Asker: 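Mind looking over this structure? Questions follow.
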Amino acid sequence: MSDDMRLLTSKEAADYLNLKPKTLAEWRLAKTGPPYVKLGDGRNARVMYVRAEIVAWLRERRVDGGSP
């Protein structure tokens, strides 16, 4: 599997984004954070993030400062 398609745990994704895992959990509930996948069914399903999708999500939020 290429590095871009690597699956990250919630903790790894939070570390990558310099956030707390709780923030990602809150974003999942609010449907505002990066895309994620659920492996399994129900409340015990494992939440994972695809690294490439986190990078794409970040690119969508890039703000150019412009020049003076």
Side-chain angles (χ1 to χ4, degrees):
M1 181 180 298
S2 73
D3 191 46
D4 281 349
M5 294 306 295
R6 182 172 166 235
L7 291 176
L8 304 177
T9 65
S10 290
K11 181 176 179 345
E12 290 170 332
D15 288 346
Y16 184 78
L17 292 167
N18 198 28
L19 299 170
K20 294 182 180 182
K22 182 178 179 181
T23 301
L24 280 181
E26 291 169 356
W27 286 359
R28 284 194 302 272
L29 288 173
K31 299 183 192 289
T32 59
Y36 62 94
V37 294
K38 289 179 84 174
L39 303 177
D41 295 319
R43 294 179 55 114
N44 294 325
R46 187 160 186 195
V47 173
M48 304 291 286
Y49 292 84
V50 177
R51 186 182 180 282
E53 291 180 354
I54 293 174
V55 171
W57 180 80
L58 287 170
R59 284 189 181 127
E60 291 171 2
R61 278 146 189 80
R62 181 171 182 247
V63 178
D64 288 325
S67 57

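Please read these numbers as outputs of a predicted model, since none were measured by experiment. We're numbering straight along the sequence, starting at 1.
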Asker: Can you give the donor-acceptor pairs under 3.5 Å from side chains of residues 56-66 to other protein atoms, not counting sequence neighbours?
Answerer:
| residue | atom | partner | partner atom | Å |
| --- | --- | --- | --- | --- |
| W57 | NE1 | G33 | O | 3.4 |
| R61 | NH1 | W57 | O | 2.9 |
| R62 | NH1 | D64 | OD1 | 3.1 |
| R62 | NH2 | D64 | OD1 | 3.3 |

Asker: Please, which pairs that meet side-chain hydrogen bond (donor to acceptor under 3.5 Å, both in side chains) have at least one residue in residues 33-49, sequence neighbours excluded?
Answerer: R28-Y49
Asker: Considering all heavy atoms of both residues, which atom of P21 and which atom of K11 are nearest to each other, and what is their separation?
Answerer: CG-CA, 4.2 Å
Asker: Side-chain contact test, heavy atoms from C-beta onward, threshold under 4.5 Å: evaluate it for M48 versus L8 and give yes or no.
Answerer: no
Asker: Under 4.0 Å between a side-chain nitrogen and a carboxylate oxygen: does that hold for R6 and E12?
Answerer: yes
Asker: Under 4.5 Å between side-chain heavy atoms, hopping through other hydrophobics if needed: is there a path connecting M5 to L7?
Answerer: yes
Asker: Determine, step by step, whether L24 and L17 satisfy the side chain to side chain contact (heavy atoms under 4.5 Å, CB included) criterion, reporting the C-alpha distance in whole Å, the side-chain angles of both residues, the deciding distance to 0.1 Å, and the verdict.
Answerer: CA-CA 10 Å; L24 280 181; L17 292 167; 4.1 Å; yes
Asker: Could you see if W27 belongs to whatever hydrophobic cluster contains V55? Use Ile, Leu, Val, Met, Phe, Trp, Tyr and a side-chain cutoff under 4.5 Å.
Answerer: yes
Asker: Rounded at 0.5 Å granularity, tell me how far NZ in K20 sits from OG1 in T23.
Answerer: 7.0 Å
Asker: Report the distance from atom CG of L19 to atom OG of S10, rounding to the nearest 0.5 Å.
Answerer: 11.5 Å
